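Here the structure comes first, spelled out in structure tokens, and everything after it is commentary.
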Amino acid sequence: MHNVVFVLGPPGSGKGTICAKIQENLGYVHLSAGDLLRAERQREGSEFGALIEQHIRNGSIVPVEITCALLENAMNNSGDAKGFLVDGFPRNEDNLQGWNKQMTGKALVQFVLFLSCPVPICIQRCLNRGQGRTDDNEESLKKRVETYNHQTFPIIEHFEKNGLVREVKSERSVEEIYADVVEVFNQTAKV
Ligand SMILES: Nc1ncnc2c1ncn2[C@@H]1O[C@H](COP(=O)(O)OP(=O)(O)O)[C@@H](O)[C@H]1O
Ligand SMILES: Nc1ccn([C@H]2C[C@H](O)[C@@H](COP(=O)(O)OP(=O)(O)O)O2)c(=O)n1
Ligand SMILES: [Mg+2]
């Protein structure tokens, strides 16, 4: 059984940055759904490359069959880990249902780390990210924020009703955020 912490928040809220620090210090393995999709998009012979690029540019969500298979493969191939930080997933109802169908009995969701941050700050961070991403432009970001507000936030609310959400405000320095994140892990994941 894989231990899993879902990490959610608007684009640019700092999910990847904080996950890297958790992985470095707390023994969880970081799996970014977006990174896995970008790698699959680049993989020679992938039948999904064009579809993935279309969704990424458009700020819409790739069908769960593709994303969940990438996540499950990565978990199975990463050897012994205390748990996995599943970053940027589940992002909509399709993601959530597909995960439940595919992973029930194989993964235990310990909690959901929710990095909350005002959207204008998140947008500015993405525009300054400097990773050459095809979706860090004003037009794609507008759509990504819309997708977050209409599709992802309701998923966070769903987990909130189940008592699984641990919110950490991320309009602060990485050090301040990370200190609160460690508290959350100490309280809930028995690090
Ligand atoms: N607490 C923070 N304060 C200022 N900038 C940040 C902070 N956390 C991350 N960043 C920067 O903001 C951008 C987006 O961060 P990232 O971790 O990629 O977010 P996400 O994965 O949620 O999109 C990156 O350029 C990153 O260096
Ligand atoms: N579960 C997911 C995660 C990401 N994607 C696609 C659509 C998203 O806009 C892009 C980028 O996701 P990513 O998590 O890397 O983006 P942010 O880190 O939030 O800025 O990938 C997806 O279709 N399904
Ligand atoms: Mg990210």
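All of these numbers come straight from a predicted model, not from anything done at the bench. Order of appearance sets the numbers: ligands from 1, and atoms from 1 within every ligand.
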Answer side chain, backbone, both or neither: which part of [X] comes under 4.0 Å from ligand 2, heavy atoms only.
X	answer
T147	neither
D87	neither
R41	neither
K15	side chain

Which one of [options] has a non-hydrogen atom at the shortest distance from [atom]?
atom	options	result
atom 14 (O) of ligand 2	R91, R133, R57	R91
atom 5 (N) of ligand 2	L37, D94, I66, L36	L37
atom 24 (C) of ligand 1	R129, R133, K15, K169	R129
atom 7 (C) of ligand 2	S60, G12, G14	S60

Other residues, nucleotides and ligands only: do more than 12 of their heavy atoms fall within 6.0 Å of NZ on K143?
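Atom NZ in K143 is packed in, count exceeds 12.
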Report, as yes or no, whether the 6.0 Å neighbourhood of atom CD on E138 holds more than 12 heavy atoms from other residues, nucleotides or ligands.
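Not more than 12 within 6.0 Å, no.
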Could you check whether R172 pairs with D180 (Lys NZ or Arg NE/NH1/NH2 to Asp/Glu carboxylate O, under 4.0 Å)?
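Result for this pair is yes, salt bridge flagged.
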D136 and R129 ion-paired at < 4.0 Å
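Yes, this pair counts.
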Go through ligand 2 atom by atom and flag the ones less than 4.0 Å from a non-hydrogen atom of [X].
X	answer
I61	23 (O), 24 (N)
D135	11 (C)
P11	19 (O), 20 (O)
G34	12 (O), 13 (P), 15 (O)
A33	1 (N), 3 (C)

Taking side-chain hydrogen bond (donor to acceptor under 3.5 Å, both in side chains) as the criterion, tell me which of Q54, H55, R144 meets it with S60.
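The residue from Q54, H55, R144 that satisfies side-chain hydrogen bond (donor to acceptor under 3.5 Å, both in side chains) with S60 turns out to be H55.
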Return a yes/no value for [X]: is any of its N or O atoms, backbone included, closer than 3.5 angstrom to an N or O of ligand 2?
X	result
R38	yes
G88	yes
G59	no
S32	no
R129	yes
D35	no

Top protein contact for [atom], by heavy-atom distance:
atom	value
atom 20 (O) of ligand 2	R144 NH2, 2.8 Å
atom 16 (P) of ligand 1	T17 OG1, 3.6 Å
atom 21 (O) of ligand 2	I56 CG1, 3.7 Å
atom 23 (O) of ligand 2	V62 N, 2.7 Å
atom 5 (N) of ligand 1	R125 NE, 3.6 Å

Which one holds for R172 and ligand 1: side chain close, backbone close, both close, or neither close, with close meaning a heavy atom under 4.0 Å?
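The answer is the backbone.
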Spatial distance of atom OG1 (T152) from atom CD (E157) [nearest 0.5 Å]
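Here the interatomic distance stands at 11.5 Å.
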Spacing of CG belonging to N128 relative to CD belonging to Q124, to within rounding of 0.5 Å:
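If I round to the nearest 0.5 Å, the distance is 5.0 Å.
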For Y28, does the six-membered ring have the charged nitrogen or CZ of K82 within the cation-pi criterion, i.e. under 6.0 angstrom from the centroid and within 45° of the normal?
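Not flagged: K82 not positioned over aromatic ring of Y28.
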